[in-house]
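Reading through the structure tokens given below for one structure.
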Amino acid sequence: YAKFTSGRGHEVGLFLMFVCVASGFWLMMTLNNETQQVVEIPLDIVDIPDSVTVLSDIPPVIKVNVHDKGSSLLRSRMVGWKTMKVEWTDFDMMDNTFRMGKVDMLGRLRSYFAPSAQIVNVMPDSLRFSYTTVPGRKVPVRVDTDLVPDIGFTINGPITITPDSVMLYGTDGVPEGIGYVMATPAVRSGLRDTTHLSLRVTPPQGIKTIPDHLTLTVPVEPLIVRKQMVRIEARNVPDGHGLLTFPAVVEVSYLIPMSAYKTDSQILTVVVDYADAVAATGGMIPVKMPFVPDKYRNISLVPDSVEYILEDKH
């Protein structure tokens, strides 16, 4: 309290009062001036019959460029712009086309503003869109993908599309030759987690799809190093002969998706071939894996070649 009753506090209070008074005068003068603004009026086409499917995009708002006093526009904005509801049956419908002309549009917009307001322009200044009463046809959706996980990650599991099919509608029905529709290509790199992509459906010209977007889900997870000691098997050894390797086991190292680390029960096989031993000249033969599970990545064998002895058991 003492701060406000002191001489310094009194001066600050007077200064703030003059600022408020000046701001008030400035606001009053501004509101009395003529101004031009773009106002967005929500649009809703109501009572569309269930048998009708609209094929064109209906604008969600009507943009009105209006000229009036600032105070008048402020009052209207504070009250809020009510939705313009257009009855489906109130306008001409010929050749499967809904039409609302410029005169009707301006007549409806006049009621939103004061009599002093001048409507400079409207966008769109009329409504015109096609529709059909022919039932639609369900077709599958296809997507071209180029999806690359980041280093140390993998796409583990099926890539899914939701929904995997859409309804097609045309003014005179859907041609029988259309057996599927494409979505926009899915191209991503450096994926490090499960990814959901929103893709737009791209139907043939003159055809509408419902829905017009779908979700592509790409299951991505990190890779974890796993190692196993596996005994070497000799293959294609003739009767009466033997093939011994030194060492008798190798370490198999590979990357596996995190979700499969604890549940993986794959039995690995590593082999040496008798024919390789017969043909070898350096005392070493390669160790091979005849089968590699699809989910394994970056497989390495240590050692990848071994010493050997050929036995004659006759």
Side-chain angles (χ1 to χ4, degrees), residues 140-165 180 182-202 213-237 243-309:
V141 180
R142 297 181 183 179
V143 182
D144 289 332
T145 61
D146 183 6
L147 305 167
V148 181
D150 204 351
I151 297 175
F153 294 80
T154 186
I155 297 175
N156 185 38
I159 297 172
T160 59
I161 304 172
T162 307
D164 59 2
S165 58
Y180 65 90
M182 298 295 297
T184 51
V187 180
R188 293 290 189 280
S189 61
L191 300 178
R192 300 175 61 87
D193 198 358
T194 295
T195 303
H196 304 280
L197 304 176
S198 178
L199 305 179
R200 182 173 54 85
V201 182
T202 55
H213 281 75
L214 54 82
T215 300
L216 187 78
T217 301
V218 188
V220 179
E221 58 181 290
L223 293 166
I224 297 179
V225 176
R226 188 170 185 178
K227 298 180 180 180
Q228 291 187 41
M229 299 303 295
V230 182
R231 181 167 294 276
I232 301 172
E233 298 180 13
R235 294 279 177 92
N236 303 319
V237 180
L243 173 59
L244 300 178
T245 64
F246 302 93
V249 297
V250 296
E251 181 184 75
V252 181
S253 176
Y254 52 90
L255 296 175
I256 190 172
M258 179 184 290
S259 61
Y261 184 81
K262 293 183 178 180
T263 60
D264 178 53
S265 58
Q266 187 75 48
I267 298 176
L268 301 180
T269 301
V270 295
V271 301
V272 291
D273 195 291
Y274 187 85
D276 290 336
V278 172
T281 58
M284 305 284 287
I285 55 175
V287 181
K288 304 174 183 178
M289 287 190 67
F291 170 74
V292 177
D294 292 338
K295 59 186 174 183
Y296 290 4
R297 301 287 187 274
N298 296 358
I299 294 180
S300 64
L301 306 178
V302 180
D304 59 1
S305 59
V306 293
E307 297 179 341
Y308 66 96
I309 293 179

| field | salt bridge (Lys or Arg N to Asp or Glu O under 4.0 Å) contacts in which one or both residues fall within residues 151-165, not counting sequence neighbours | value | none
Mind listing the side-chain donor-acceptor pairs of residues 294-306 below 3.5 Å, one per line with the distance, residues two or more places apart or on another chain?
| unit_1 | atom_1 | unit_2 | atom_2 | d |
| --- | --- | --- | --- | --- |
| Y296 | OH | D264 | OD1 | 3.1 |
| Y296 | OH | D264 | OD2 | 2.6 |
| R297 | NH1 | D294 | O | 2.4 |

| request: Before giving the answer on side chain to side chain contact (heavy atoms under 4.5 Å, CB included), spell out for R188 and L197 the whole-Å C-alpha distance, their side-chain angles and the decisive distance to 0.1 Å. | output: CA-CA 10 Å; R188 293 290 189 280; L197 304 176; 3.6 Å; yes
| request: Before giving the answer on side chain to side chain contact (heavy atoms under 4.5 Å, CB included), spell out for M289 and F291 the whole-Å C-alpha distance, their side-chain angles and the decisive distance to 0.1 Å. | output: CA-CA 6 Å; M289 287 190 67; F291 170 74; over 6 Å; no
| said: Please list all pairs meeting ring pair (Phe, Tyr, Trp, His ring centres under 6.0 Å) that have one or both residues in residues 145-164, counting only residues at least two apart or in different chains. | reply: none
Run the side-chain donor-acceptor check on residues 213-220: report pairs under 3.5 Å with partners two or more places apart or on a different chain.
| unit_1 | atom_1 | unit_2 | atom_2 | d |
| --- | --- | --- | --- | --- |
| T217 | OG1 | H196 | ND1 | 3.2 |

| So, does S253 use its side chain to make a donor-acceptor pair with the main chain of K227 at under 3.5 Å? | no
| Is it true that a side-chain atom of T195 and a backbone atom of D193 form a donor plus acceptor pair closer than 3.5 Å? | yes
| note | Looking only at heavy atoms, the pair that brings A186 and L199 closest together is CB-CD1, 4.1 Å
| note | Between the CD1 atom in I155 and the OG1 atom in T145, the distance rounded to the nearest 0.5 Å is 7.5 Å
| Would a distance-only check, ignoring hydrogens and angles, find a side-chain to backbone donor-acceptor pair under 3.5 Å from T245 to P247? | yes
| request: Return the set of residues passing side chain to side chain contact (heavy atoms under 4.5 Å, CB included) with P290 (not counting sequence neighbours), or none when no residue passes. | output: R235, T269, V271
| request: Enter the distance from I224:CD1 to M258:CE here, rounded to the nearest 0.5 Å. | output: 4.0 Å
| request: Only counting residues at least two apart or in another chain, list the ones meeting side chain to side chain contact (heavy atoms under 4.5 Å, CB included) with D273. | output: N236, A275, D276
| query | Can you pull the side-chain hydrogen bond (donor to acceptor under 3.5 Å, both in side chains) pairs that have at least one residue in residues 148-157, sequence neighbours excluded? | reply | D150-R192, N156-E221, N156-S259
| task | Just jot down the side chain to side chain contact (heavy atoms under 4.5 Å, CB included) partners of A277, sequence neighbours excluded, or say none. | result | L243, I285, Y308, L310
| query | How would you list, by chain and number, every residue that makes a side chain to side chain contact (heavy atoms under 4.5 Å, CB included) with D146, sequence neighbours excluded? | reply | V148, V187
| Say you draw a straight line from CG of L255 to CZ of R226; how long is it, rounded to the nearest 0.5 Å? | 12.5 Å
| field | Within residues 246-259 or reaching into it, pairs that qualify as salt bridge (Lys or Arg N to Asp or Glu O under 4.0 Å) - sequence neighbours excluded | value | none
| query | Which residues pass the side chain to side chain donor-acceptor pair (under 3.5 Å) test with Q228, sequence neighbours left out? | reply | Y254
| Looking at L147 and P149, what are the two nearest heavy atoms and their distance? | O-CD, 4.0 Å
